[in-house]
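See structure below.
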Amino acid sequence: MSTGCDRSFEEALLTGYLDGMLTQGDRQRVAVHLEDCQICRRTVEQMRELREATMTTRFATPPDDQWNEAPRGAASRLSFGLGWLVLVVWVVGVTGFALGQLWSSPESLIEKLLVFGGVSGVVLLFLSVLIDRLKTMSSDRYRGVEK
C-alpha cells in the first residue's frame, strides 16, 4: 500500500480496473476510490502508460543466420556428433559400472531395488521419447523449417 493511501482493497484491483476485468461492484468501488485518491490515480496512469508502451514496442528480428545454432561445417558436424556419442557412451558406462558396484555391494535388497527401479524408470522414459522421435523424424513436415 502506498503512503498516504487508505484504500480498503488490494492493489491488484487497480490492474483489474485498468484491464476492465472487475465485477460491477469492484469496478464501482475502485472508481469511487480513484475520485478521491491522487496516489492511486497516478498509479493507474503509470500502469496505463506502461501497458501502452509494452503493447506498441516493436522488436527487430535478427537475421536468419543468427538463429541457426547447428554446426555449419563438416568438421564441426562430425565433432558435434562424435562428442555426443562419446558423452552417451560415457554416461552409459559410468551408470553401468555404478549399478554393478551397487548390486555386488552388501547393501540390502530393498535399497538395490529402489535404485535399479528408479534408473530403469528413467531409462524407459528416455527410450520411449527416443523411439517416438526416431519414428517421426522421417515424416516430420517441419524438420527443415528454420526460425
Side-chain angles (χ1 to χ4, degrees), residues 1-5 7 9-24 26-27 29-31 33-34 37-147:
M1 225 179 250
S2 301
T3 306
C5 176
R7 70 174 174 262
F9 54 84
E10 294 291 322
E11 188 173 354
L13 285 183
L14 295 176
T15 304
Y17 178 81
L18 182 63
D19 293 338
M21 301 299 292
L22 299 180
T23 62
Q24 182 179 358
D26 284 339
R27 188 178 65 246
R29 186 166 55 149
V30 172
H33 177 78
L34 289 176
C37 182
Q38 180 181 2
I39 295 169
C40 288
R41 274 196 312 270
R42 191 171 349 130
T43 301
V44 169
E45 186 55 38
Q46 289 171 344
M47 287 179 184
R48 183 176 286 118
E49 290 171 4
L50 180 61
R51 184 169 120 191
E52 181 65 29
T54 57
M55 299 299 280
T56 59
T57 301
R58 300 286 178 235
F59 297 97
T61 304
D64 289 342
D65 62 341
Q66 289 183 352
W67 286 92
N68 190 2
E69 295 179 11
R72 290 179 176 84
S76 179
R77 283 193 301 274
L78 178 64
S79 64
F80 181 79
L82 286 175
W84 273 107
L85 178 66
V86 168
L87 181 65
V88 167
V89 167
W90 178 81
V91 167
V92 168
V94 167
T95 303
F97 178 76
L99 290 175
Q101 291 295 313
L102 176 68
W103 192 255
S104 64
S105 72
E107 302 296 326
S108 72
L109 181 62
I110 299 289
E111 291 173 348
K112 291 177 184 178
L113 291 176
L114 286 173
V115 171
F116 277 94
V119 170
S120 299
V122 169
V123 167
L124 288 173
L125 288 173
F126 175 77
L127 284 176
S128 71
V129 170
L130 180 65
I131 290 168
D132 287 343
R133 293 286 182 158
L134 291 175
K135 281 183 181 178
T136 60
M137 186 182 292
S138 62
S139 62
D140 186 7
R141 297 183 305 177
Y142 302 106
R143 187 171 183 199
V145 175
E146 295 199 17
K147 256 194 193 178

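This is a predicted model, so every value here is computed, not measured. Side chains included, hydrogens not; waters and symmetry mates left out as well; all remaining heavy atoms used. Positions are given from 1, in the same order as the sequence printed here.
- Each side chain to side chain donor-acceptor pair (under 3.5 Å) pair with one or both residues in residues 79-105, not counting sequence neighbours, would appear here, but there are none.
- For R51, the salt bridge (charged side-chain N to carboxylate O under 4.0 Å, His left out) criterion is met by D19, not counting sequence neighbours.
- Here E52 pairs with T56 under the side-chain contact (heavy atoms from CB on, under 4.5 Å) rule; sequence neighbours left out.
- Atom CG of L82 is surrounded by more than 12 heavy atoms from other residues, nucleotides or ligands within 6.0 Å.
- Listed by chain and residue number, E45 satisfy the salt bridge (charged side-chain N to carboxylate O under 4.0 Å, His left out) test with R48 (two or more places apart in sequence, or in another chain).
- Contact record, I39 with C5: CD1-N, 4.1 Å, taken as the closest heavy-atom pair.
- Note that the OG1 atom of T23 and the CZ atom of R29 stand 8.0 Å from one another [nearest 0.5 Å].
- The salt bridge (Lys or Arg N to Asp or Glu O under 4.0 Å) pairs that include a residue from residues 111-135 number zero, where partners must be two or more places apart or lie in different chains.
- Separation of atoms CG (L14) and CZ (F9) is listed at 5.0 Å; rounding is to 0.5 Å.
- Here the closest heavy-atom approach between residue R41 and residue L34 is recorded as NH1-O, 2.7 Å.
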Below 3.5 Å, can you tabulate the donor-acceptor pairs from side chains in residues 120-131 to any protein atom, sequence neighbours excluded?
residue	atom	partner	partner atom	Å
S120	OG	F116	O	2.6
S128	OG	L125	O	2.7

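- Residue Q38 qualifies as open at atom CD: its count of foreign heavy atoms under 6.0 Å is 12 or below.
- From L114, atom CG reaches atom CG of L102 across 10.0 Å, with rounding to the nearest 0.5 Å.
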